[in-house]
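For reference, positions follow the sequence shown, starting with 1.
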Amino acid sequence: CVCVCVMKGKKSLKEALTRAETTTDCLVEITRLLVNNKDSVPVPTCPHGPLLLFEEYSRKSSNNTSSSSSASSSSTLFFSCSVCRDGRCVFRLPVDDIKSYVESPPSHVTKDDPILQFKAFKERHKYTKLKKAASRCFCRSCSMLFHGVGEKQLHEGHDVMEKVSKKAMLRPASTLLRPIGQRKQQAQFIFSRDNVVHIVRLLQDRRCKRVICLGCPSIHEEIIQSARSTSTEPEHETTGARNGRAMESFLFDIDGRYAQFYPHTFVHFNMVNGVPLSGCCGEKDIISSADCIVVDPPFGIPLTALQATISHFTSFMTPTTSTPTILLLFPYFNQRVVTRHFPRLHMTNYTVGYTNHSGYKDTSSGKAQRIASPVRLYTNLQEKALQLPKHRYRFCERCSRYSFRGTTHCDKCGCCPSINGEEYCHCDECGKCVKPKREHCKVCGRCVLMKEHCHDDMDGHEEFNPKRSKQMHSNMKHHGGTMTGKCLMCGEDDHILTTCSQRQTHIQTTYEHILQLLQPRQQPQQQQQ
């Protein structure tokens with residue numbers, strides 16, 4: 001947070017540290033309670049569904065001491081859109097204003113309304129049934145199928161693809177649709193071909209019957225295509241199942257463009273607030289028969305919200321043989337946070353790359369693993385069941401897990417420490433393996449890159465070098481001790497905010513407070529009676 005604030009905004013270090021002392025907690029549980037309330041309590045919404053409740057904590061401490069006893073924290077409750085992070089939808093709605101917002105909600109009917117777009121796309125499914133491919137066209141500028149005779153003049157000057165075949169319509173994410181590039185709203189990245197094939201093969205080996213693809217259109221289309229390739233029946237859109245042998249697949253995604261290709265297997269869904277859009281019905285029936293869920297969430301999603309969505313799905317799954325299989329794709333540098341919210345999942349070394357992301361490319365061609373994508377597979381399956389490619393991974397019998405080829409097992413640590421493909425070195429003073437080119441600093445008591453390391457105090461430095469971000473946390477104690485992991489809710493130092501024992505009580509109290517705000521006010525005559 002400090003690095004981004006200084007590097008992008010060119011602000012002083014003191015201003016960056018002040019911003020870093022603010023923490024936002026997503027109280028998604030309250031949104032769930034409001035949605036499921038039996039008394040039909042009005043919920044503040046936007047075009048992307050119910051708003052999420054956030055609580056922003058800010059802590060101020062005395063300049064004369066660095067102890068946590070002098071620090072006091074204050075919090076602010078507000079609702080915000082679950083999708084847009086740049087203020088284009090609903091930027092900030094204070095809790096005290098929820099009554100007026102619900103009574104006179106602003107008009108959401110715009111040309112960018114996702115529900116209206118979904119309905120328009122769903123009507124375009126009729127063009128997939130045209131017998132002649134010459135009559136079927138696709139406009140990449142509008143992301144719509146249309147009839148080449150009657151509507152071609154409406155797309156003059158656009159990027160139009162003519163003679164769209166049925167084979168191309170089976171893979172819209174790979175051949176027709178342009179990925180959405182809105183970084184702060186709906187950024188889309190497509191899995192590499194090798195990752196798609198391996199994940200689908202893993203699901204087939206697990207003999208999964210119905211798969212929920214939560215934000216994974218490339219996995220969904222591969223499952224349906226693989227089922228069609230082994231069947232002699234006519235090609236038309238189904239769930240992908242044939243004669244009870246192949247897998248079924250359902251795509252839950254917020255991108256309504258897929259409705260024109262998968263009208264029966266697509267659910268317009270917002271995974272952040274966990275609510276289906278466009279009045280979708282039969283969601284619980286689809287989930288109840290599923291035995292696997294593959295999740296590719298936006299990496300900026302509040303993990304408390306993602307945890308609530310996945311828990312909602314797994315609570316309806318009733319597999320007959322074993323627990324539901326969960327495959328979650330997330331960066332390895334978020335391992336501690338992910339495993340804290342999903343204790344049943346463990347991180348594997350299986351790297352996942354994207355075709356349209358410059359930094360998250362796949363390196364299956366044999367290049368150095370250190371430049372591979374940082375996205376990893378989190379799952380509740382055992383490592384042996386993954387059957388990772390042998391040319392990139394090896395199975396360590398002592399660790400009982402897959403590791404990168406070219407890396408070795410550390411006897412002192414008792415594990416294969418490398419998580420990025422580089423050969424780690426063991427530091428006896430740190431008591432653990434560290435990345436190569438690191439040297440132990442006796443002043444800081446840890447291994448650092450000595451060329452980019454200094455021992456100067458951060459006080460007095462107006463500008464901050466982002467390359468020295470490793471030194472930031474060790475010097476943070478000079479600024480009031482507010483970044484040492486203390487809980488902003490109760491002030492204790494043995495846990496953090498999201499794991500505080502008082503959090504559930506605070507959520508219930510906040511929920512009751514919001515219900516009081518939403519209750520209709522009694523008239524003076526009624527009060528006298």
Side-chain angles (χ1 to χ4, degrees), residues 47-49 83 110-156 158-182 185-190 212-225 227-228 234-240 248-271 276-283 286 296 356:
H48 303 98
V83 175
T110 61
K111 65 178 182 179
D112 297 329
D113 189 281
I115 297 179
L116 295 180
Q117 291 180 350
F118 169 80
K119 294 179 180 179
F121 287 127
K122 194 170 184 178
E123 293 178 356
R124 296 283 166 172
H125 174 65
K126 59 185 178 182
Y127 297 113
T128 62
K129 301 180 180 180
L130 296 176
K131 295 182 179 180
K132 296 182 180 180
S135 303
R136 189 186 303 113
C137 299
F138 183 79
C139 179
R140 291 187 173 180
S141 302
C142 303
S143 300
M144 281 191 174
L145 288 167
F146 65 93
H147 198 287
V149 178
E151 301 182 29
K152 194 171 184 179
Q153 66 276 8
L154 300 177
H155 300 272
E156 185 176 358
H158 293 185
D159 184 7
V160 175
M161 181 179 178
E162 299 180 352
K163 299 180 180 180
V164 179
S165 63
K166 290 186 177 181
K167 185 177 180 180
M169 290 190 298
L170 293 177
R171 296 184 180 275
S174 306
T175 58
L176 298 178
L177 296 174
R178 290 177 177 175
I180 300 177
Q182 300 176 3
Q185 186 169 348
Q186 296 183 34
Q188 287 183 334
F189 302 101
I190 307 301
I212 301 297
C213 296
L214 192 55
C216 307
S218 55
I219 302 295
H220 174 71
E221 66 182 20
E222 179 66 21
I223 293 176
I224 293 181
Q225 179 63 24
R228 294 178 187 277
E235 291 186 352
H236 58 279
E237 196 269 337
T238 63
T239 60
E248 292 182 336
S249 178
F250 287 87
L251 176 62
F252 286 65
D253 201 289
I254 197 172
D255 187 0
R257 300 179 299 174
Y258 291 103
Q260 58 190 322
F261 304 102
Y262 308 118
H264 305 295
T265 61
F266 174 75
V267 179
H268 199 201
F269 188 80
N270 183 355
M271 77 167 69
L277 306 176
S278 308
C280 176
C281 59
E283 170 211 0
I286 296 174
D296 182 29
N356 57 328

Quick one: closest heavy-atom pair of S249 and I223, and the distance? CB-CG2, 3.7 Å
dist M271:CE -> I254:CD1 (nearest 0.5 Å) comes out at 8.5 Å
Is there a side-chain contact between P172 and E221 (heavy atoms, below 4.5 Å)? yes
Are the side chain of E162 and the backbone of R136 linked by a donor-acceptor contact shorter than 3.5 Å? no
Angle between ring planes, F266 versus Y258, binned at 30° and 60°: parallel, tilted or perpendicular? tilted
Are L214 and F269 side-chain neighbours, meaning at least one heavy-atom pair lies under 4.5 Å? yes
Set of residues satisfying side-chain hydrogen bond (donor to acceptor under 3.5 Å, both in side chains) with respect to E151, sequence neighbours excluded: R124, Y127
Go through the steps to decide whether F261 and L170 satisfy the test side-chain contact (heavy atoms from CB on, under 4.5 Å), and finish with yes or no. CA-CA 8 Å; F261 304 102; L170 293 177; over 6 Å; no
If every non-hydrogen atom of P263 is compared with every non-hydrogen atom of K122, which pair is closest and at what distance? O-CE, 4.5 Å
Quick one: CG on L251 to OG1 on T265, what's the gap to the nearest 0.5 Å? 7.0 Å
Interatomic distance, I212 atom CD1 to I219 atom CD1 [nearest 0.5 angstrom]: 14.0 Å
Side-chain touch F121/L145, heavy atoms, less than 4.5 angstrom: no
Please report the closest heavy-atom contact between G215 and D296, naming both atoms and the distance. O-CB, 3.6 Å
Looking at OH of Y262 and CZ of F250, how far apart are the two atoms once the value is rounded to the nearest 0.5 Å? 13.0 Å
Report all side-chain donor-acceptor pairs from residues 137-144 shorter than 3.5 Å, counting only partners two or more places apart or in another chain.
residue: R140; atom: NH2; partner: T175; partner atom: O; Å: 2.8
residue: S141; atom: OG; partner: D159; partner atom: N; Å: 3.1
residue: S143; atom: OG; partner: R257; partner atom: NH1; Å: 3.2

Roughly how far apart are M169 CE and Q260 CD, rounded to 0.5 Å? 10.0 Å
Atom CD1 of I286 and atom NE2 of H264: how far apart are they, to the nearest 0.5 Å? 12.0 Å
Contact between P217 and D255 at the side-chain level, heavy atoms closer than 4.5 Å - yes or no? no
With a 4.0 Å cut-off on N to O distance, would you call E222 and R171 a salt bridge? yes
Tell me the closest heavy-atom pair linking S218 and I190, and the distance in Å. CB-CG2, 4.2 Å
